[in-house]
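The block underneath contains the structure these notes are about, expressed in structure tokens.
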Amino acid sequence: MSKDSSIQDQVKNYYGKWLKKTEDLQTDVSSSKKTAPQSKSARDAMTLIHPEITERYFGCGFVVPEILEGCNVLDLGCGSGRDCYILSKLVGPNGHVTGVDMTVELIQLASKHLSYHQEKFGYKEANIEFFEGCIEKLGDIGIQNNNVDVLVSNGVICLCPDKKAVFKEAYRVLKEGGEMYLIDVFASETLDEKLKVDPVLWGEGLAGTLYWKDLISLVMEVGFSKPYLVTAGNIAINKAELLKKTGNVKYVSATYRFFKLPAGRSDQKAWVTYKGTVTDHEDQLVFDSVHTFKKDKAVEVDGELAMVLKTFRFAPHFVFKPVEGQEPLKDGSQQYCHLNPFLLADKQESSIQKCS
């Protein structure tokens, strides 16, 4: 048996047999304080989810980007299906959601409540399906090239031994202009190899966690745009024995989004003006921790973000005007400090404390 297969078996056993409810986790990774503010539509959908599904939620946030109606959405590592069912409501009867997970017990639980949610949502036919499979090998369950509009993942990449394979598959199945929107656990430094042999640390997402800078280089190497950091929150480890093992390493739950951009894209800066036409975001659209687009107010953005907004889901909601006489934006030796989730987590927690 290969090392990767052994790790996958440990993770499947941890989530399929050992964890029975959210409270069994040994960190506060599932705390809602770490997730981005949700729209009214997402909150309303959450109230319709079967309690048995939410009881076995093991993610670290809420993977619900905006503008989903009619989209084909794929959830990598869907677990019990909580996020899939929320997304199923938001994409509407003309959209479709596919959930993939390697833990057979969780896929069985998710599939058990298909009819319940179809009835709750008032759909003539279910717009959702679940598959048991590895997210490193989506072709094995029939996911075709350039097939998905939006790809989400909630606290799962940290459980995968071959992260590059996951991102390569994500890039393959996304349509041009498609988005990957993920919430995951990230580390403050590159992890020591000795942490990667502990089954509990793997199950809790701590042994396989990416150093946050490695995420940036990895997704861009695969072909995605640079990531955009949406929100972040520090993770507390609840057990003394885990703290002893992890030592000085700090962990954070962070939301990033990145895109599969057209091959012949332009890097020309642009003025973009939000129309206020996205449901539940009429006054402003919060794109990430840096960019908030207020209705009818022109904002200058770099060429890559301009291309993101011009492509696919966002385009109908913005007016674009080129910035004349500008050279294409070059990243050069940029250090991406604005993408550091630990800085953002500290900033957000400081803000919360000041308001309380």
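Residues Val252 and Trp212 form no side-chain contact, since every pair of their non-hydrogen atoms from C-beta on lies 4.5 Å or further apart. Contact annotation: the side chain of Met180 approaches that of Phe167 to within less than 4.5 Å [non-hydrogen atoms, C-beta and beyond]. For the pair Arg313 and Val150, the minimum side-chain heavy-atom distance is below 4.5 Å. Looking only at side-chain heavy atoms (C-beta outward), Ile183 and Ser253 come within less than 4.5 Å of each other. Between Val308 and Arg257, every side-chain heavy-atom pair lies at or beyond the 4.5 Å cut-off. A heavy-atom distance below 4.5 Å is found between the side chains of Leu90 and Ser41. In this structure, the side chains of Tyr274 and His317 come closer than 4.5 Å at one or more pairs of heavy atoms. Side-chain contact between Leu76 and Val156 is absent, with no heavy-atom pair separated by less than 4.5 Å.
One hydrophobic cluster, built from ILVMFWY side chains closer than 4.5 Å, cannot hold both Leu339 and Val290; they sit in different ones. Note on Leu182 and Tyr336: same hydrophobic cluster, where clusters join Ile, Leu, Val, Met, Phe, Trp and Tyr whose side-chain heavy atoms are under 4.5 Å apart, directly or indirectly. Hydrophobic cluster membership is shared by Leu344 and Tyr256, with clusters built from Ile, Leu, Val, Met, Phe, Trp and Tyr side chains linked at under 4.5 angstrom. Residues Leu343 and Leu215 are members of separate hydrophobic clusters, defined by side-chain heavy-atom contacts under 4.5 angstrom among Ile, Leu, Val, Met, Phe, Trp and Tyr. Residues Ile107 and Val97 are members of one and the same hydrophobic cluster, defined by side-chain heavy-atom contacts under 4.5 angstrom among Ile, Leu, Val, Met, Phe, Trp and Tyr.
Counting all heavy atoms, side chain and backbone alike, Gly77 lies closest to Asp101 at C-OD2, 3.2 Å. Closest approach of Val319 to Lys275, counting heavy atoms only: CG2-CE, 3.7 Å. Considering every non-hydrogen atom in both Ala263 and Glu176, the closest pair reads N-OE2, 3.9 Å. When every heavy atom of Tyr171 is checked against every heavy atom of Lys260, the shortest pair comes out as O-NZ, 2.8 Å. Here the closest heavy-atom approach between residue Leu68 and residue Val64 is recorded as CD1-CG1, 4.2 Å. Contact detail for Asn127 and Gly95: the closest heavy-atom pair is CB-O, 3.4 Å.
At distances below 3.5 Å, not a single donor-acceptor pair connects side-chain atoms of Asp288 with backbone N or O atoms of Tyr228. A donor-acceptor pair under 3.5 Å is formed between the side chain of His117 and the backbone N or O of His50. In this structure, Asp214 contributes its side chain and Thr190 its backbone to no donor-acceptor pair below 3.5 Å. With hydrogens and angles disregarded, a donor-acceptor distance shorter than 3.5 Å links the side chain of Asn154 to the backbone of Gly61. In terms of modelled atom types and a separation under 3.5 Å, the side chain of Arg82 and the main chain of Tyr57 share no donor-acceptor contact. With Asp184 contributing its side chain and Cys158 its backbone, the two residues share a donor-acceptor pair below 3.5 Å. With Thr255 contributing its side chain and Val230 its backbone, the two residues share no donor-acceptor pair below 3.5 Å. The closest donor-acceptor contact from the side chain of Gln348 to the backbone of Ala232 lies under 3.5 Å. Listed for the Ser80 side chain is a donor-acceptor partner under 3.5 Å among the backbone atoms of Ile53. Proximity of a side-chain donor or acceptor of Tyr251 to a complementary backbone N or O of Leu206 within less than 3.5 Å is detected.
Taking the six-membered ring where tryptophan is involved, the planes of His113 and Tyr116 are perpendicular, since the angle between them exceeds 60° and thus also 30°. Taking the six-membered ring where the residue is Trp, Phe293 and Phe318 present perpendicular rings, their angle passing 60° and hence far from 30°. A parallel orientation is assigned to the rings of Phe287 and Phe259, their planes being inclined by less than 30° (bins at 30° and 60°).
Rounded to the nearest 0.5 Å, atoms CG (Asp44) and CD1 (Ile86) are 11.0 Å apart. Rounding to the nearest 0.5 Å places CD1 of Ile49 at 8.0 Å from OG1 of Thr47. Separating the CD atom in Glu132 from the OG1 atom in Thr103 is a distance of 8.5 Å, to the nearest 0.5 Å. In this structure, the separation between OG1 on Thr98 and CG on Leu74 is 6.0 Å, given to the nearest 0.5 Å. Taking CD from Gln118 and OG from Ser88, the interatomic distance works out to 9.0 Å, rounded to the nearest 0.5 Å. Expressed to the nearest 0.5 Å, how far CG of Leu106 lies from CD of Gln108 amounts to 9.5 Å.
Between the side chains of Ser39 and Glu66, no donor N or O sits under 3.5 Å from an acceptor N or O.
When each of Glu169, Glu221, Glu136 is paired with Lys164, the side-chain hydrogen bond (donor to acceptor under 3.5 Å, both in side chains) condition holds for Glu221 and for no other.
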Side chain to side chain contact (heavy atoms under 4.5 Å, CB included) between Cys78 and Asp83, intermediate numbers included: CA-CA 7 Å; Cys78 63; Asp83 295 335; over 6 Å; no
Stepwise side chain to side chain contact (heavy atoms under 4.5 Å, CB included) check, Asp283 with Lys295: CA-CA 5 Å; Asp283 295 327; Lys295 181 182 177 182; 5.6 Å; no
Check against side chain to side chain contact (heavy atoms under 4.5 Å, CB included), Glu189 and Val249: CA-CA 7 Å; Glu189 58 189 78; Val249 180; 3.9 Å; yes
Evaluation steps, side chain to side chain contact (heavy atoms under 4.5 Å, CB included), between Phe131 and Leu138: CA-CA 10 Å; Phe131 292 97; Leu138 296 174; over 6 Å; no
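Taking the six-membered ring wherever Trp is involved, the centroid distance between the rings of Phe130 and Tyr85 falls below 6.0 Å.
The environment of Lys168 atom NZ is sparse: at most 12 non-hydrogen atoms of other residues, nucleotides or ligands sit within 6.0 angstrom. Glu52 CD: more than 12 foreign heavy atoms inside a 6.0 Å radius.
Between Asp346 and Lys250 there is no salt bridge, since no side-chain nitrogen of the basic residue lies less than 4.0 Å from a carboxylate oxygen of the acidic one. Using a cut-off of 4.0 Å between Lys/Arg side-chain N and Asp/Glu carboxylate O, Asp280 and Lys40 are scored as not salt-bridged.
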